[in-house]
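Okay, structure first, notes after.
None of the values given here were measured: they were computed from a predicted structure.
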Amino acid sequence: ITLTELQDNGGTANGGSDTATLTVSGSVNLAFNELPTIEATYSPDATLFYNAGTLSGYNERVSAISVSQDGKTLLVTGSEGNNNSGRTYLRVYARDAENGKLTLLQSFTQGEQDDPSTPAFEVNGLNTITTLAQSKDGTSVYVAGYAAGGSTSVYSLVQFSRDATTGQLSYVGIVATQGVDGVSGLDAAVSEIVISDDGTSLYTINGVTPMDGSTGKNAVAFFSRDTTSGALTFVGSLIGSDTLPLKSPSGIVLSSDGKSAYISNQGNNSITVLSRDAETGNLSYVATINKSTIAADVNSAEIPKDDRYLTALQDIAISPDNRFVYVSSNSQGTVSIFSRDSDTGALTYAGIMDLYNSESHVPTELRATSLREIVISQDGSALYVAAFGGSS
């Protein structure tokens, strides 16, 4: 390729001539018998996340995942078999703060005593692990499972202490078991554990299995927590009844001001509103939010045309400023939004994000029939929703 002439836009320089003869050339060298390669740039949709590979050496079916508050470690629980069957493990990964790369630090699994010939630590209480939680101060981790040798219906909470420098865990022991020391509310698989922001209280719910089936139980249990040792003391529990419409609870969230707890119920399509005693951690029933109460509230936003928006509620989250509560539907692809009264903790229906109905003008690739876990960024600027039954 050779450029032989250049013409300018006029002028009197160079005797008035506006052209010049050039010899500017470039070349392309082709290698024979070698296939050409083509490089192309690809800009993914900013609203979607794309798979960028798998976690090296990980083979279990994930049941729970949690990043430490300091960002140094990732905890993953999972089972060897489908539907939370077979041997279950707790894996501890070191996390590179620059690129997010994960490196396996430790593995824990069920055992009456540790076998030094195996790469995993065997400790009691880790049969059929369902979920876990970390304290915000980074000192404690709690895992829900059941102890070996007992009935599979008698579930326990296992405590680990955490080294803030290395992120490694040390087994403390089983700290709560159904029927031991008066503990109630742990008579089925625990689907979620939450710890108050001040670290003084721990709460569990049971009502749905890891496969979202009903356990036949409807309970929230609450414990006081020693902020130094992480030890738990049973405070009480609330069990669903005719006067307390707690039915197959699937998610629980606490307000950071310490005043309220909110539970999403898969079994009766409702939200349970509870007040919290900041001194004892005790929870008291306040109200139930459902389609009937929303319709009767003159302050509620316009009700969606598709009245299934609260069907089979899955997870619940609260904004960092405690002003809004969000709840996802496991069968209808919606996130319902509620404003929160900072004084009373009361909720008012404020609107919906609909990822199911075509008239919602959501791009086809984002539509989903079932929404799962939801989480809000620490600065409150973004809401992340896991979808099932769609492509996102």
Keeping the roles fixed (side chain from [X], backbone from [Y]), state whether a donor-acceptor pair exists under 3.5 Å.
X	Y	answer
Arg276	Gly258	yes
Glu80	Ser85	no
Ser135	Gly199	no
Asn206	Gly185	yes
Asn218	Ser248	yes
Ser250	Ser264	yes
Ser328	Asp315	yes
Lys247	Gly240	no
Lys291	Asp307	yes
Asp306	Arg308	yes

So, do [X] and [Y] sit near enough that their side-chain heavy atoms are less than 4.5 Å apart?
X	Y	result
Asn290	Asn269	no
Glu373	Glu192	no
Gln159	Leu232	no
Phe223	Leu157	yes
Asn330	Ser370	yes
Ile195	Tyr142	yes
Leu313	Gln266	no
Leu202	Ile193	yes

Pairwise distance [atom1]([X]) to [atom2]([Y]) - rounded to 0.5 angstrom:
X	Y	atom1	atom2	result
Gln106	Thr73	CD	OG1	9.5 Å
Leu132	Ser63	CG	OG	8.0 Å
Leu75	Ser66	CG	OG	5.5 Å
Ser260	Leu283	OG	CG	10.0 Å
Leu274	Ser284	CG	OG	8.0 Å

Qualifying salt bridge (Lys or Arg N to Asp or Glu O under 4.0 Å) pairs, either residue in residues 124-136, two or more places apart:
Lys136-Asp197
May I ask you to decide if the ring planes of Tyr203 and Phe222 are parallel, tilted or perpendicular, using 30° and 60° as cut-offs?
tilted
Check the pair Tyr58 / Glu60 against side-chain contact (heavy atoms from CB on, under 4.5 Å), numbers first and verdict last.
CA-CA 6 Å; Tyr58 189 87; Glu60 287 96 64; 3.4 Å; yes
Tyr349 and Tyr309 aromatic centres sub-6.0 Å
yes
May I ask you to check whether Tyr262 and Phe338 place their ring centers less than 6.0 Å from one another?
no
Compare every heavy atom of Thr130 with every heavy atom of Ala189, then report the nearest pair and how far apart it is.
CB-CG2, 4.1 Å
[Y] and [X] side chains, donor-acceptor separation under 3.5 Å:
X	Y	result
Ser342	Asn322	no
Thr200	Asp198	yes
Gln332	Thr311	no

With Ile316, the side-chain contact (heavy atoms from CB on, under 4.5 Å) member among Asn265, Ile263, Ile271, Thr272:
Ile271
Of Leu126, Val180, Val158, Val123, which is the lone residue that meets side-chain contact (heavy atoms from CB on, under 4.5 Å) with Ile174?
Val158
What verdict does the side-chain contact (heavy atoms from CB on, under 4.5 Å) test give for Thr131 and Val190, after you've listed the backbone C-alpha separation in whole Å, the side-chain angles of each residue and the deciding distance to 0.1 Å?
CA-CA 7 Å; Thr131 191; Val190 172; 4.0 Å; yes
Path from [X] to [Y] over hydrophobic side-chain contacts below 4.5 Å:
X	Y	result
Met353	Tyr326	yes
Val67	Val76	yes
Val375	Val327	no
Ile376	Val335	yes
Val172	Leu90	no

